[in-house]
Amino acid sequence: MIDIRLIRAEPQKFIDAARNKNIKVDIPALLEVDSQILDAQRELQDARTAQNAAGKKIAKLTGDDKATAIAEMAQFKTRAKELGDLIDRLQPKFDELMLLVAQPAAAEVPLGKDDTENVVLRVEGQVPTFDFEPKDHVQLGEALDIIDIPRGVKLAGSRNFILKGAGAMLHQAILRLALDQMTAKGFTLMTVPVLVKESVMYGTGYFPVGRDQAYLAERDQMSLVGTAEVPVTAYHTDEVLSFEDLPRKYVALSTCFRREAGAAGKDTYGLYRIHYFDKVEQVILCRNDEQTSIAHHQEILRNAEDVLRALELPYRVVNVCTGDLGQGQIQKYDIETWMPSRNGYGETHSASRFHEFQARRLNIRYRDESGRMHYVHTLNNTVIASPRVLVPVLELYQNADGSVTIPKALRPYMNGMERIEKRA
RNA sequence: GGAGAGGUGGCUGAGCGGCUGAAAGCGACGGUUUGCUAAACCGUUAUACGGACUAAUCCCCGUAUCUCGGGUUCGAAUCCCGACCUCUCCGCCA
């Protein structure tokens with residue numbers, strides 16, 4: 001949510017922001033409703049002032065004087081009722097439009113229409129070449145009997161899968177490595193609900209824009225989350241923290257559910273784009289300060305890179321352009337990991353900073369040294385998401401005989417296993 | 001799922017339908033005192049929005065808020081109805 005006062009002051013900025021982010025919102029209409037509401041509120045307030053003053057007099061009066069005063073007050077009351085009703089009619093329109101206003105991107109965000117215009121900032125690690133014909137992760141996984149997509153589809157439809165044996169272990173090992181790295185860095189580990197109230201989805205900015213990406217449990221007016229960012233960020237909803245409690249750093253592992261609406265026919269092969277997966281997510285709530293926010297953004301980016309470095313995977317960092325930015329995000333860095341089967345880099349991480357956008361919707365504030373209230377800033381990034389990351393892990397660590405070497409960092413989490421081989 | 005009880009400020013806990021944005025206590029903060037702590041004493045202690053004035057998101061004025069939404073009333077934290085939530089007991093259960 002954006003402060004309406006900022007929109008009043010610089011409407012063009014928000015018109016541009018919406019256009020750059022490909023979000024439809026009628027700012028002039030918003031301002032029109034806003035001014036109508038504001039006028040009505042001002043008049044209502046005056047009517048109430050008069051009504052209250054009259055009411056206080058009545059208590060002291062008797063007889064005719066009292067009757068006269070009551071009659072007089074009735075006028076204010078009627079007017080107040082009219083204005084109140086007017087506001088009640090206008091408010092839903094205002095709220096609806098406010099939920100669509102986009103956060104303008106930071107100055108350092110490149111202008112662009114979609115992900116093809118993201119700007120590569122850094123390339124890390126060596127993209128390997130094979131001296132044999134490499135297989136893709138599905139071929140490898142099926143041959144090793146660690147990935148079973150057909151049965152996943154049998155149970156749950158397209159974009160579903162089952163990991164078995166060493167495949168499931170590898171998945172858990174990666175998640176555990178990520179969790180351990182994060183807790184070692186002082187992030188507080190949490191478990192969180194993955195089925196949440198719609199208000200939580202609105203609060204984090206996944207609703208109303210993006211509502212079609214979520215699975216809904218409509219009978220209970222709940223929604224399955226697409227990321228632990230949602231419940232973790234909303235953890236402090238309606239709370240007032242102390243500046244001494246900031247920054248708050250959290251990490252959580254959750255299953256993530258995504259409908260992938262509108263992605264029909266896109267990335268249909270393998271474990272890249274699927275309806276459920278597990279993800280370790282990091283979330284930071286910090287002071288309302290641009291530089292502090294930026295510093296934490298770098299921090300969560302590094303945290304993710306540390307995991308990829310431990311896994312010894314080649315990746316690159318991109319500065320996501322305006323057209324590929326979410327409604328609330330002010331800036332986003334994606335990490336893309338090399339995936340041989342795609343013959344290119346594929347997105348594995350997404351580090352966003354939001355300024356107050358989510359905090360306003362969730363009403364998460366803190367009191368600073370001088371006692372003033374501010375909304376916190378929120379940030380989040382993937383630590384690791386699996387099985388998507390199994391795509392590069394399996395493909396990059398494959399051997400000519402079809403076995404897969406287990407990355408050194410994961411061996412302690414796999415009872416010392418060094419490679420996954422076809423069972424005899 | 002069945003049966004009860006209850007929802008007041010950071011917490012505990014008072015609140016006759018007008019004088020209650022709300023007693024009191026605790027906590028917190030500021031100050032006095034102090035070798036340092038502690039104690040004692042004094043003071044402060046909600047948020048949002050609007051208005052006026054501004055260097056100011058400080059003061060000042062106003063409106064709203066005692067879970068939320070309706071109703072009764074000239075007037076409701078206080079009466080009535082509904083919703084939501086919490087707690088206790090029973091049943092079931094990973």
Side-chain angles (χ1 to χ4, degrees), chain A residues 1-10 30-31 33-95 97-98 191-203 217-223 231 234-246 248 254-255 287-290 292 355-356 359-377:
Chain A
M1 194 79 79
I2 302 295
D3 187 344
I4 183 64
R5 286 169 295 201
L6 298 178
I7 306 172
R8 287 176 195 148
E10 297 183 86
L30 171 65
L31 290 174
V33 181
D34 174 51
S35 84
Q36 286 172 9
I37 290 177
L38 221 45
D39 288 345
Q41 277 174 343
R42 277 191 277 258
E43 204 190 324
L44 172 62
Q45 200 176 299
D46 291 342
R48 288 253 171 83
T49 305
Q51 190 187 332
N52 290 344
K56 289 196 171 153
K57 266 194 326 203
I58 288 169
K60 299 182 188 110
L61 300 176
T62 52
D64 286 352
D65 288 345
K66 186 163 184 170
T68 309
I70 289 173
E72 193 180 288
M73 181 160 159
Q75 293 174 18
F76 298 126
K77 199 185 163 191
T78 304
R79 185 59 185 150
K81 174 77 174 144
E82 284 170 13
L83 291 161
D85 289 348
L86 174 62
I87 291 168
D88 286 347
R89 282 198 303 277
L90 295 171
Q91 197 66 44
K93 183 65 183 167
F94 176 81
D95 294 341
L97 288 165
M98 278 299 277
T191 68
V192 285
V194 294
L195 187 62
V196 301
K197 295 179 182 178
E198 297 215 340
S199 60
V200 174
M201 298 299 283
Y202 278 98
E218 288 178 292
R219 184 169 65 175
D220 298 295
Q221 285 145 32
M222 305 276 273
S223 174
Y235 178 68
H236 288 295
T237 295
D238 290 330
E239 292 182 22
V240 178
L241 306 171
S242 163
F243 69 94
E244 290 164 311
D245 298 329
L246 299 176
R248 298 296 271 229
S254 85
T255 301
R287 309 179 62 106
N288 192 314
D289 174 74
E290 171 98 34
T292 305
H355 276 187
E356 307 176 346
R360 275 187 173 274
R361 291 185 173 211
L362 294 166
N363 191 30
I364 305 175
R365 298 174 296 173
Y366 71 96
R367 216 179 274 286
D368 69 17
E369 293 86 333
S370 52
R372 292 211 185 90
M373 287 283 214
H374 305 276
Y375 287 102
V376 299
H377 278 191

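Below, chain A is the first sequence line, B the second, and so on; all start at residue 1. A quick note: this is a predicted structure, and the numbers were derived from the prediction, not measured.
- Comparing the P positions of B:rU63 and B:rA56 gives a spacing of 26 Å, expressed to the nearest Å.
- Regarding A:Asp39, its CG atom lies at a distance of 18 Å from the P atom of B:rC49, rounded to whole Å.
- With pairs defined as Watson-Crick or G-U wobble and both atom distances under 3.5 Å, the stems of at least three pairs that touch RNA chain B come out as B:1-7 with B:84-90, B:10-12 with B:24-26, B:27-32 with B:40-45, B:46-51 with B:60-65, B:67-71 with B:79-83.
- Between B:rA22 and B:rC74, the two P atoms lie 26 Å apart (nearest whole Å).
- One P atom belongs to B:rC42, the other to B:rU33, and the distance between them is 16 Å to the nearest Å.
- Atom name P, nucleotides B:rC80 and B:rG7: the rounded distance is 13 Å, in whole Å.
- With hydrogens and angles ignored, the 3.5 Å screen pairs no side-chain donor or acceptor of A:Tyr375 with any backbone N or O of A:His355.
- For the pair A:Arg42 CZ and B:rG51 P, the interatomic distance rounds to 5 Å; values are reported in whole Å.
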Polar pairs (N or O, both sides) under 3.5 Å between protein and nucleotides 63-68 of chain B?
from, atom 1, to, atom 2, distance (Å)
B:rU63, OP1, A:Asn52, ND2, 3.2
B:rA64, OP2, A:Asn52, ND2, 3.4

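- On the C1' atoms, B:rA39 is 22 Å away from B:rU45, given to the nearest whole Å.
- For residues 37-46 of chain A, the set of pairs meeting the side chain to side chain donor-acceptor pair (under 3.5 Å) definition, not counting sequence neighbours, comprises A:Asp39-A:Arg42, A:Glu43-A:Arg79.
- When atom types are taken as modelled, the side chain of A:Arg48 and the backbone of A:Ala80 share no donor-acceptor pair closer than 3.5 angstrom.
- Comparing the C1' positions of B:rG75 and B:rG31 gives an interatomic distance of 42 Å, to the nearest angstrom.
- The CD1 atom of A:Ile2 sits 11.0 Å away from atom CG of A:Leu30, with the distance rounded to the nearest 0.5 Å.
- In this structure, A:Glu218 places its CD atom where only 12 or fewer heavy-atom neighbours from other residues, nucleotides or ligands lie under 6.0 Å away.
- Computed from coordinates, the A:Asp238 CG to B:rG10 C1' distance equals 15 Å when rounded to whole Å.
- For RNA chain B, the residues of residues 74-87 of chain A within the heavy-atom distance limit of 4.0 Å (strictly under) are A:Lys77, sorted by number.
- Minimum heavy-atom separation, A:His377 to A:Asp289: CE1-N, 3.6 Å.
- B:rU34 sits 45 Å from B:rC19 when the P atoms are compared, rounded to a whole Å.
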Close N/O contacts between protein and nucleotides 84-87 of chain B (under 3.5 Å):
none

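- Taking each heavy atom of A:Val196 and A:Pro231 in turn, the nearest pair found is CG1-CB, 4.5 Å.
- Between the C1' atom of B:rU57 and the CG atom of A:Asp3 lies a distance of 11 Å, rounded to the nearest Å.
- For the pair A:Ile4 CD1 and B:rA48 C1', the interatomic distance rounds to 15 Å; values are reported in whole Å.
- Of all the residues in residues 365-373 of chain A, A:Arg365, A:Arg367, A:Arg372, A:Met373 reach under 4.0 Å from RNA chain B with at least one non-hydrogen atom.
- Here B:rA28 presents its P atom at 19 Å from CG of A:Leu241, a figure rounded to the nearest Å.
- Distance, A:Asn363 CG to B:rA46 P: 18 Å, rounded to whole Å.
- Within the 4.0 angstrom heavy-atom criterion, no nucleotide atom of any strand lies near A:Arg360.
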Take A:Arg89 and A:Asp85 through the salt bridge (charged side-chain N to carboxylate O under 4.0 Å, His left out) test and state the conclusion after the steps. CA-CA 6 Å; A:Arg89 282 198 303 277; A:Asp85 289 348; 5.5 Å; no
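- Atom CE of A:Met222 and atom CG of A:Leu195 lie 4.0 Å apart (nearest 0.5 Å).
- B:rG9 and B:rA46 have their P atoms separated by 14 Å, given to the nearest Å.
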